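This is a predicted model, so every value here is computed, not measured. Values below: every heavy atom of this structure, side chains too, minus hydrogens, waters and symmetry copies.
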Amino acid sequence: MSKKFIELKLGSHQIVHGFDEQHKEIIEEIKVEGYNKKLVNIERIKSISEKFILTDYAHGRWIYWEYEGDFETIKNKVL
């Protein structure tokens with residue numbers, strides 16, 4: 001049985017609402033103190049970098065989440 005969710009500690013994030021007439025991303029930045037535990041559906045994860053996890057969101061939007069931990073640990077949780 002494959003995993004459907006992983007537990008992550010996520011913090012500040014950027015919501016991409018779409019693109020403007022010059023094809024630039026329309027981004028809303030949300031700054032928070034610290035990190036909070038969140039269960040994330042693995043199917044929603046689009047990419048993972050050393051600083052951010054990109055997930056899809058409601059109404060065709062995306063979110064770049066800052067996460068606590070290191071890339072290798074997060075990678076091993078997903079694989």
Verify side-chain contact (heavy atoms from CB on, under 4.5 Å) between Glu28 and Gln14, making sure each step is shown before the conclusion.
CA-CA 6 Å; Glu28 174 185 4; Gln14 300 172 347; over 6 Å; no
Taking it one step at a time, do Tyr64 and Val16 satisfy side-chain contact (heavy atoms from CB on, under 4.5 Å)?
CA-CA 8 Å; Tyr64 290 94; Val16 179; 3.6 Å; yes
Check: [Y] main-chain N/O paired with [X] side-chain donor or acceptor under 3.5 Å:
| X | Y | value |
| --- | --- | --- |
| His59 | Tyr57 | no |
| Lys37 | Leu8 | no |
| Ser12 | Val32 | yes |
| Arg61 | Ala58 | yes |

With the 4.5 Å side-chain cut-off for hydrophobic clustering, are [X] and [Y] part of the same group?
| X | Y | result |
| --- | --- | --- |
| Ile48 | Leu54 | no |
| Ile27 | Phe52 | yes |
| Ile6 | Tyr67 | yes |

In Å, rounded to the nearest 0.5 Å, how long is the span from [atom1] of [X] to [atom2] of [Y]?
| X | Y | atom1 | atom2 | answer |
| --- | --- | --- | --- | --- |
| Ile26 | Lys24 | CD1 | NZ | 11.5 Å |
| Glu33 | Asn36 | CD | CG | 11.0 Å |
| Ile63 | Ile15 | CD1 | CD1 | 4.5 Å |
| Glu25 | His23 | CD | NE2 | 13.0 Å |
| Lys75 | Glu50 | NZ | CD | 11.0 Å |

Within 6.0 angstrom of [X] [atom1], more than 12 heavy atoms from elsewhere:
| X | atom1 | answer |
| --- | --- | --- |
| Phe71 | CZ | yes |
| Lys46 | NZ | yes |
| Glu72 | CD | yes |

Taking the side chain as every heavy atom from C-beta outward, state whether Ile45 and Val78 have any pair of such atoms under 4.5 Å apart.
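Yes, side chains in contact.
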Are Trp65 and Thr55 side-chain neighbours, meaning at least one heavy-atom pair lies under 4.5 Å?
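They are in side-chain contact.
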Compute whether any side-chain donor of one residue and acceptor of the other, for His13 and Glu66, lie under 3.5 angstrom apart.
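Per modelled atom types, His13 and Glu66 side chains form no pair under 3.5 Å.
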Between Asp70 and Thr73, is any side-chain donor less than 3.5 angstrom from a side-chain acceptor?
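The criterion, which ignores hydrogens and geometry beyond distance, is satisfied for Thr73 and Asp70.
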Would you please test Ile74 and Ile53 for side-chain contact (heavy atoms from CB on, under 4.5 Å) and show each step?
CA-CA 9 Å; Ile74 300 299; Ile53 294 178; 3.9 Å; yes
